[in-house]
Amino acid sequence: MRTAVIGFPRIGKDRELKFATEKYFKNELSEEELVKTAKEIRCYGWEKQKEAGIDFISSNDFSYYDNMLDTAVLFNIIPKRYKDLELSEMGTYYAMARGYQGEKGNVKAFAMKKWFNTNYHYLVPEIEDDADIRLAGNKPIREFIEARDYGALTKVSIIGPFTFLSLARFVGEKTAKDFANVLSKEYVKLILELEKEGAKWIQFDEPYLVRDLSSDEIDLFKEIYNYILSNKGNVKVLLQTYFGDVRDIYKELIGLNFDGIGLDFLEGRKTLDLIKENGFAEDKLLFAGLVKGKNIWRNDYKKTVEIIDELKKYVAEENIVLNTSCSLLHVPYTLDSETKLGDEYKKHFSYAEEKLTELKELSLIIKGEEREELLEKNQELFKGRVNSKNQQVIDRVNAIKEEDYVRLPEFNEREKIQKERFNLPLFPTTTIGSFPQTADVRKNRNDFRKGLITKEEYIAFNQKKIKECIDLQEEIGLDVLVHGEFERNDMVEYFGEHLDGYVFTEKAWVQSYGTRCVKPPVIWGDVSRKEAITVQWSKYAASCTKKEVKGMLTGPVTILNWSFPREDISIKESILQLALAIRDEVLDLEANGINIIQIDEAALREKLPIRRSDWNKEYLDFAIPAFRLVHAKVKPETQIHTHMCYSEFTDIIPAIDAMDADVITFEASRSDLLILDSLKENHFKTEVGPGVYDIHSPRVPSVEEIVNALSKMREKIEDKKLWVNPDCGLKTRGDKETKASLINMVQAAKILRGKA
């Protein structure tokens with residue numbers, strides 16, 4: 001049985017792309033050296049897949065920043081504000097990704113959103129009415145030739161036109177349908193150019209097909225692909241989906257002239273049933289997504305083989321290609337890098353390179369080669385995996401009552417109590433939590449981990465940084481302060497280190513966006529808090545000022561979603577365990593005089609089923625109550641904040657309001673405040689702080705820009721409910737730009753107070 005990989009990680013085994021790109025931004029590395037590093041990363045991935053005998057290896061799955069951005073640039077979909085800068089090709093690319101501030105102008109970056117139900121962020125292309133859509137780039141062709149010359153005849157992977165148009169933002173009167181025809185023609189030009197270079201397969205990634213589709217969307221998809229498939233020459237086209245099933249369009253897909261169709265059998269709950277009920281086309285290859293691309297647990301060969309055996313009743317074995325369920329972008333590179341992780345854990349894990357081995361071994365099993373030996377060895381792993389059980393934790397979850405989810409008094413009464421207690425000015429200013437993690441901060445933390453400094457020295461350094469941070473915020477004039485989070489390596493890993501039930505990796509880096517990488521911890525067993533986590537730092541910060549200091553926590557849903565979760569218990573049970581652990585911390589903060597507590601739920605939406613029809617029964621009915629469980633027992637005068645970012649929230653605004661927080665801050669600046677209409681339409685009761693500037697860009701917003709943003713907010717939000725804050729935490733920014741931006745933000749709030 002042949003094997004395939006949808007896509008391979010692209011940050012480099014040791015994050016080479018991250019470090020090279022950041023040096024390039026600082027003018028410490030030339031563009032030629034950056035390009036050289038990128039080529040080495042691509043060749044490394046092709047080599048590993050060749051060694052594993054993968055039959056269908058992808059090219060063009062690499063990106064310097066994001067594949068949606070790559071596709072926009074490929075087809076000249078570059079808004080006028082970036083073209084007017086007259087930068088180099090690479091300069092324009094990064095201006096769209098990060099924004100630009102310099103002698104040639106000052107422009108914001110593309111909006112950034114979560115890629116379906118993952119923690120990867122994609123950039124949202126903007127299509128203006130007069131967009132000159134044409135095949136203007138050659139990246140897919142260039143990388144195909146590079147792979148070919150390296151000895152890998154690849155399938156060329158590209159975001160499909162339907163998903164691209166469905167996720168793009170239209171700036172003007174036109175819609176996706178207005179651009180479908182011209183874009184389809186340009187995709188055909190790309191296919192024909194690839195054919196000239198010897199390409200045999202092109203993979204169109206169309207994950208948007210796993211969403212609920214309207215009849216108009218189905219018609220648009222068919223219009224696009226009827227044209228492409230009729231004009232594609234001799235190149236074979238693979239229609240690749242992932243993150244769910246294609247129940248709304250399955251019959252149409254198997255009727256179209258695709259040469260292969262990639263379906264997800266892991267997250268696609270109805271995929272197997274669709275094939276059983278409707279059959280599959282005899283003239284197509286089925287790329288069966290059975291090796292998980294989003295989690296690090298080993299594949300259960302017995303279950304996988306059972307699915308394949310069932311599939312063979314409906315699809316000829318020679319037409320089945322064993323595939324990953326999605327791109328391996330969402331998992332780390334290799335367990336070979338984990339030199340400190342015990343074998344009792346490692347043997348149960350599978351990173352990207354180990355998944356290549358899984359594909360190879362499953363192929364051998366299906367062919368009947370080494371079948372019993374490989375199956376037996378694999379099953380021994382599953383028999384021997386006993387996740388840590390904690391009966392006390394299990395009993396606590398079972399003892400939760402309905403009243404534990406309810407906070408009293410109701411919001412309107414609490415709001416009055418808190419207004420009187422805190423006596424904050426109109427448009428109170430604050431930040432989301434973290435301040436810049438400068439080199440000295442990282443060194444202090446690393447030195448302590450390595451035993452190079454004492455605990456006392458570590459604490460003294462952090463207290464010095466906290467005092468400096470508090471002093472800076474008072475100098476700037478912020479109203480509600482934060483301690484800066486200098487003790488934290490990551491907003492999830494830090495909490496995991498203080499919870500029982502977690503296992504930590506050394507090099508399990510995964511790309512979150514651009515050069516930003518995260519190292520998700522692994523939930524190994526039942527979770528409980530083993531000690532106070534943030535109390536000492538928050539208490540110290542509060543002692544440095546007479547202003548209110550927020551206690552900063554990560555919420556249970558985000559901790560779960562940004563970890564590699566267990567698969568032996570339900571998501572609901574894991575979230576409730578985490579909720580009880582964080583509740584313990586909330587009550588400790590309150591008992592120690594912290595009167596404002598922020599519980600971040602940046603990843604609330606990530607586990608939300610992609611299909612709206614599955615939302616309540618599979619997620620919202622327990623995720624929202626779990627957040628309430630965390631804070632329901634605090635006093636009325638304690639103010640609970642939460643924060644959310646870089647996801648589509650407009651369609652779940654009522655559920656967010658039902659979290660019953662007192663203040664919610666949102667990412668809003670990159671998306672041009674589109675969330676405001678939804679807040680108003682849904683009579684959002686919670687006080688709200690839509691971000692007034694983008695922290696993922698190095699540019700400093702002007703006072704005028706922030707005043708304009710706040711003026712738009714006032715049209716949709718009552719003055720008494722409006723907070724002023726950046727989009728997200730300031731961890732990745734530099735000291736100079738952070739201070740300048742916050743000074744402008746505070747000045748803008750003061751200007752508005754004078755007008756109110």
Side-chain angles (χ1 to χ4, degrees), residues 6-12 15-18 20-22 24-25 34-35 37-38 41-42 45 58-79 82 87 89-100 107-127 136-137 139-140 142-143 156-161 163-169 203-208 240 242-243 293 326-330 509-518 606 645-648 667 670-671 694-698 727-728 732:
I6 293 175
F8 202 71
R10 62 194 189 214
I11 58 174
R15 293 182 291 162
E16 293 92 341
L17 183 64
K18 168 188 171 64
T21 307
E22 289 175 351
Y24 171 76
F25 292 155
L34 176 61
V35 168
T37 298
I41 291 169
R42 290 191 294 270
S58 289
S59 60
N60 198 48
D61 50 345
F62 172 84
S63 178
Y64 284 99
Y65 207 95
D66 172 61
N67 290 122
M68 283 288 284
L69 175 61
D70 294 347
T71 308
V73 171
L74 177 67
F75 293 111
N76 197 45
I77 303 173
I78 302 173
Y82 301 110
L87 302 172
E89 182 179 335
M90 190 74 88
T92 301
Y93 179 87
Y94 282 123
M96 290 189 282
R98 305 171 69 239
Y100 175 86
V107 296
K108 295 201 303 185
F110 275 171
M112 189 161 65
K113 296 296 181 187
K114 294 289 178 69
W115 182 243
F116 294 86
N117 57 0
T118 74
N119 185 31
Y120 175 75
H121 304 62
Y122 74 95
L123 291 165
V124 182
E126 296 176 17
I127 306 182
K139 178 179 179 293
R142 189 173 66 245
E143 292 182 13
V156 180
S157 168
I158 187 170
I159 302 292
T163 292
F164 180 83
L165 289 172
S166 298
L167 295 178
R169 178 178 167 227
Q203 171 184 305
F204 285 111
D205 283 14
E206 292 286 8
Y208 201 87
Q240 182 64 60
Y242 35 84
F243 303 144
C326 63
S327 172
L328 299 181
L329 164 72
H330 309 290
W509 294 103
V510 178
Q511 186 179 20
S512 177
Y513 67 87
T515 62
R516 170 73 171 153
C517 300
V518 293
E606 282 175 30
C645 58
Y646 300 104
S647 286
E648 294 285 353
E667 174 274 323
R670 277 202 177 197
S671 52
D694 173 27
I695 65 87
H696 292 86
S697 170
D727 262 351
C728 203
T732 60

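Note that this is a predicted model, so its numbers are computed, not measured.
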Distance (rounded to the nearest 0.5 Å) between [X] [atom1] and [Y] [atom2]:
X: Thr71; Y: Leu165; atom1: OG1; atom2: CG; answer: 11.0 Å
X: Ile6; Y: Ser58; atom1: CD1; atom2: OG; answer: 8.0 Å
X: Tyr513; Y: Met112; atom1: OH; atom2: CE; answer: 5.5 Å
X: Lys114; Y: His121; atom1: NZ; atom2: NE2; answer: 4.0 Å
X: Arg42; Y: Glu143; atom1: CZ; atom2: CD; answer: 4.0 Å
X: Ser327; Y: Phe8; atom1: OG; atom2: CZ; answer: 9.5 Å

Taking the side chain as everything from C-beta on, heavy atoms only, tell me whether [X] gets closer than 4.5 Å to [Y].
X: Pro698; Y: Arg98; value: yes
X: Phe110; Y: Met68; value: no
X: Leu329; Y: Pro9; value: no
X: Tyr64; Y: Thr515; value: no
X: Ile77; Y: Phe164; value: yes
X: Gln240; Y: Phe204; value: no

Quick check: closest heavy atoms across [X] and [Y], and the distance to 0.1 Å?
X: Asn60; Y: Asn67; answer: O-ND2, 3.7 Å
X: Ala109; Y: Asp694; answer: CB-OD2, 4.4 Å
X: His330; Y: Cys326; answer: CD2-SG, 3.9 Å
X: Ala95; Y: Leu87; answer: CB-CD1, 4.1 Å
X: Pro140; Y: Val156; answer: CB-CG1, 3.9 Å
X: Leu17; Y: Ser63; answer: CD2-O, 3.6 Å

Subject >> Verdict with reasoning, Ile158 to Asp205, per side chain to side chain contact (heavy atoms under 4.5 Å, CB included) >> reply: CA-CA 6 Å; Ile158 187 170; Asp205 283 14; over 6 Å; no

**OP:** Begin with the C-alpha distance, continue with both residues' side-chain angles, and end with the deciding distance and a verdict on side chain to side chain contact (heavy atoms under 4.5 Å, CB included) for Tyr100 and Lys108.
**Re:** CA-CA 7 Å; Tyr100 175 86; Lys108 295 201 303 185; over 6 Å; no

Original post:
When you check the gap from the basic side-chain N to the acidic O, do Arg10 and Asp61 get nearer than 4.0 Å?
Top reply: no

**OP:** Please state whether the rings of Trp115 and Tyr242 are parallel, tilted or perpendicular, taking 30° and 60° as the class boundaries.
**Re:** tilted

**OP:** For the pair Phe243 and Phe116, name the ring-plane relationship: parallel under 30°, tilted 30 to 60°, perpendicular over 60°.
**Re:** tilted

**OP:** Would you please indicate if the ring centroids of Tyr65 and Tyr122 are separated by under 6.0 Å?
**Re:**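 No, they do not, as the ring centres are separated by 6.0 Å or more.
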
Original post:
Any chance the rings of Tyr94 and Phe25 have centres within less than 6.0 Å?
Top reply: yes

Subject >> Any residue meeting side chain to side chain contact (heavy atoms under 4.5 Å, CB included) with Thr37, in chain and number order, not counting sequence neighbours >> reply: Glu16, Ala20, Ile41

Original post:
Can you list the steps and then say if Tyr93 with Tyr82 is a ring-ring contact (aromatic ring centres under 6.0 Å, His included)?
Top reply: CA-CA 9 Å; Tyr93 179 87; Tyr82 301 110; over 10 Å; no

Original post:
Just by distance, do the side chain of Asp66 and the backbone of Leu123 share a donor-acceptor pair under 3.5 Å?
Top reply: yes

**OP:** Begin from the C-alpha positions of Asp70 and Lys139 and carry the test salt bridge (Lys or Arg N to Asp or Glu O under 4.0 Å) through to its verdict.
**Re:** CA-CA 8 Å; Asp70 294 347; Lys139 178 179 179 293; 3.7 Å; yes

**OP:** Please assess Met96 against Ile78 for the test side chain to side chain contact (heavy atoms under 4.5 Å, CB included), listing each intermediate value before the final yes or no.
**Re:** CA-CA 8 Å; Met96 290 189 282; Ile78 302 173; 4.0 Å; yes

